[in-house]
Amino acid sequence: NAGVTQTPKFQVLKTGQSMTLQCAQDMNHEYMSWYRQDPGMGLRLIHYSVGAGITDQGEVPNGYNVSRSTTEDFPLRLLSAAPSQTSVYFCASTSGANVLTFGAGSRLTVL
Amino acid sequence: LAKTTQPISMDSYEGQEVNITCSHNNIATNDYITWYQQFPSQGPRFIIQGYKTKVTNEVASLFIPADRKSSTLSLPRVSLSDTAVYYCLVGDDGNKLVFGAGTILRVKS
């Protein structure tokens, strides 16, 4: 059981570039979500999904897109990267009542 | 979503018991209380969850009074490796949980 796997672990982008952060889970969880964490701050919810084909916005969705074509995968797309999107991104899947399993994180720097 | 309030930071020494209290005055009937631990450069990790009274596992205890407007995470005999950020979350929907700034626990030798 790998749990929640995120790739890449590190990425440097230039302003305006686009990219996709990958997230995969092997626990057959219906619920998945993406958070960002800025230095010294708590996690903020970007987007979430309650199952394949269903996504919704969290607290800070602007500049990001998601899709959920399978139960296992929940990629996060940055459409046109901005320096304000420099952050650590965490993907999570949820089992039972509110028990989230997080990935190791993807550290993104936008120059 | 119920808002939570925790101390910004706490200091302790190895071997002591640490209690971190979280206030959640507008907790809803269906809400659970869940605590997570986060080490630097890692994702948060589930510690314990409860609905009312007391819950204990191999890592911690969670005390919830009858009115459920607060909860206390108790870590027995902390060690240096317990230095981390601790988050209290309240909600009934695992997909829309709001993380606050958490409590930075520093354990000293």
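Because only heavy atoms are used, hydrogens play no part in the values below, and waters and symmetry mates are left out as well, while side chains stay in. Just so we're on the same page: letters track the sequence lines, and every chain starts at 1.
The shortest side-chain heavy-atom distance between B/Gln38 and A/Phe90 falls under the 4.5 Å cut-off. Considering only heavy atoms from C-beta on, A/Leu43 comes within 4.5 Å of B/Pro44 through its side chain.
Distance check: A/Phe102 CZ to B/Tyr36 OH gives 6.5 Å after rounding to the nearest 0.5 Å. Here the straight-line distance linking atom OG1 of B/Thr34 with atom CG of A/Leu100 works out to 8.5 Å at 0.5 Å rounding.
Linking ILVMFWY residues whenever their side-chain heavy atoms come closer than 4.5 Å, directly or via other members, leaves B/Tyr87 and B/Phe63 in distinct clusters.
Atom CD1 of B/Ile8 has 12 or fewer heavy atoms from other residues, nucleotides or ligands within 6.0 Å. The environment of CZ in B/Phe39 is crowded: more than 12 heavy-atom neighbours from other residues, nucleotides or ligands sit within 6.0 Å.
At a 4.5 Å heavy-atom cutoff, the contact between A/Arg107 and chain B is made by side-chain atoms alone. For chain B, the nearby part of A/Gln37 is the side chain; its heavy atoms alone come within less than 4.5 Å.
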